[in-house]
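Quick notes on the structure that follows.
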Amino acid sequence: MSAREIKVVKDIDALSAHAANLFVDVGRESIALNGTFDVSLAGGSTPRNLYRLLASERHRHELDWKRLSFFFGDERNVPDDSLDSNYLMASETLLAPLDLASNQVHRWRTELSSVDEVVRNYESELIEHFKRSKRGFDLVLLGLGTDAHTASLFPHTAALRETERLAVANWVEKLNDYRLTTTFPVINNALNVMFLVSGSEKAEAVFNVLEGEFRPDNYPAQMVNPMNGNLFWLLDEAAASKLKRLDST
Ligand code: 6PG
């Protein structure tokens, strides 16, 4: 039986420290088992501290980084040098400081001519990468929006119903733009999924997803349930403040 764990820690610093230790533990296990560690990175702002910590003197010597391959769970429909780019955030905080080989990092090539082209390119990279191993990601990092979206799987959007494609361009009405995202089949095929959620503004969404009625169209993160994988919810006290049942399930 795969683990389902909710861990509540004091604040964003404690959250990042705990996540960094878990990242290294999972990485060491993956590398020992398969010689590789395939990671899908989360975007947004919450993981920034974690990424900086992993590349810091505190952790950078704990993993054989040349064994890692980095993908992105989702991306905004922006150039990769835009301040909104998830790739730019991860590159500045984690990827560039680790001095990785270019073939270790698989970004959404948002410079291509259309979102469909970007998605086709990314999906082919995913298929190419995993066709040898027949496994999924060893670790998928996820954030949670205040509307209970995760990756770019937003409430009431078409991507929530995707069961075949690995990557799609998801039209998000409230953003009046496409978001590029991997789908639940990719996330739920991972060996480990780790949510990182911080701040009181997320407390309602955390409660709805973890203790509310099962309404995945309203609370998409409820669809994250790795079939043969571990699911870790790492929350700080503010984000967990509306939870009533804090037993680890
Ligand atoms: C993105 C993320 C998204 C994010 C949540 C939380 O592209 O923004 O993939 O799913 O994780 O919106 O964002 P914050 O960490 O900035 O609160």
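Whatever order the structure lists them in is the order used to number ligands and atoms, beginning at 1.
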Quick check: do V115 and L180 have side-chain heavy atoms less than 4.5 Å from each other?
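Yes, at least one pair of side-chain atoms sits under 4.5 Å.
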Listed pairs under 3.5 Å, donor-acceptor, residues 163-170 side chains, sequence neighbours left out:
unit_1	atom_1	unit_2	atom_2	d
R165	NE	E123	OE1	3.1
R165	NE	E123	OE2	3.1
R165	NH2	E123	OE1	3.2
R165	NH2	A167	O	3.4
N170	OD1	A159	N	3.2
N170	ND2	S152	O	3.0
N170	ND2	T157	OG1	3.0

So if I only count non-hydrogen atoms and take anything under 4.0 Å from ligand 1, which residues does that give, chain by chain?
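Around ligand 1, where the cutoff is 4.0 Å for heavy atoms, the contacting residues are G43, G44, S45, T46, D74, R76, N86, G143, L144, G145, H149, T150, A151, R179, K202.
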Should the pair Y122 and W108 be assigned to parallel (<30°), tilted (30 to 60°) or perpendicular (>60°) ring geometry?
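The arrangement is parallel - the two ring planes meet at less than 30°.
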Pairs meeting criterion salt bridge (Lys or Arg N to Asp or Glu O under 4.0 Å) with involvement of residues 83-107, two or more places apart:
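Applying salt bridge (Lys or Arg N to Asp or Glu O under 4.0 Å) to every pair that reaches into residues 83-107, excluding sequence neighbours, yields D80-R107, R107-E111.
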Run the side-chain donor-acceptor check on residues 135-146: report pairs under 3.5 Å with partners two or more places apart or on a different chain.
unit_1	atom_1	unit_2	atom_2	d
R135	NH2	D138	OD1	3.3
D138	OD2	D38	N	2.7

What do you reckon, are the aromatic ring centroids of F23 and H59 less than 6.0 Å apart?
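No, the ring of F23 stays outside the 6.0 Å limit from the ring of H59, centre to centre.
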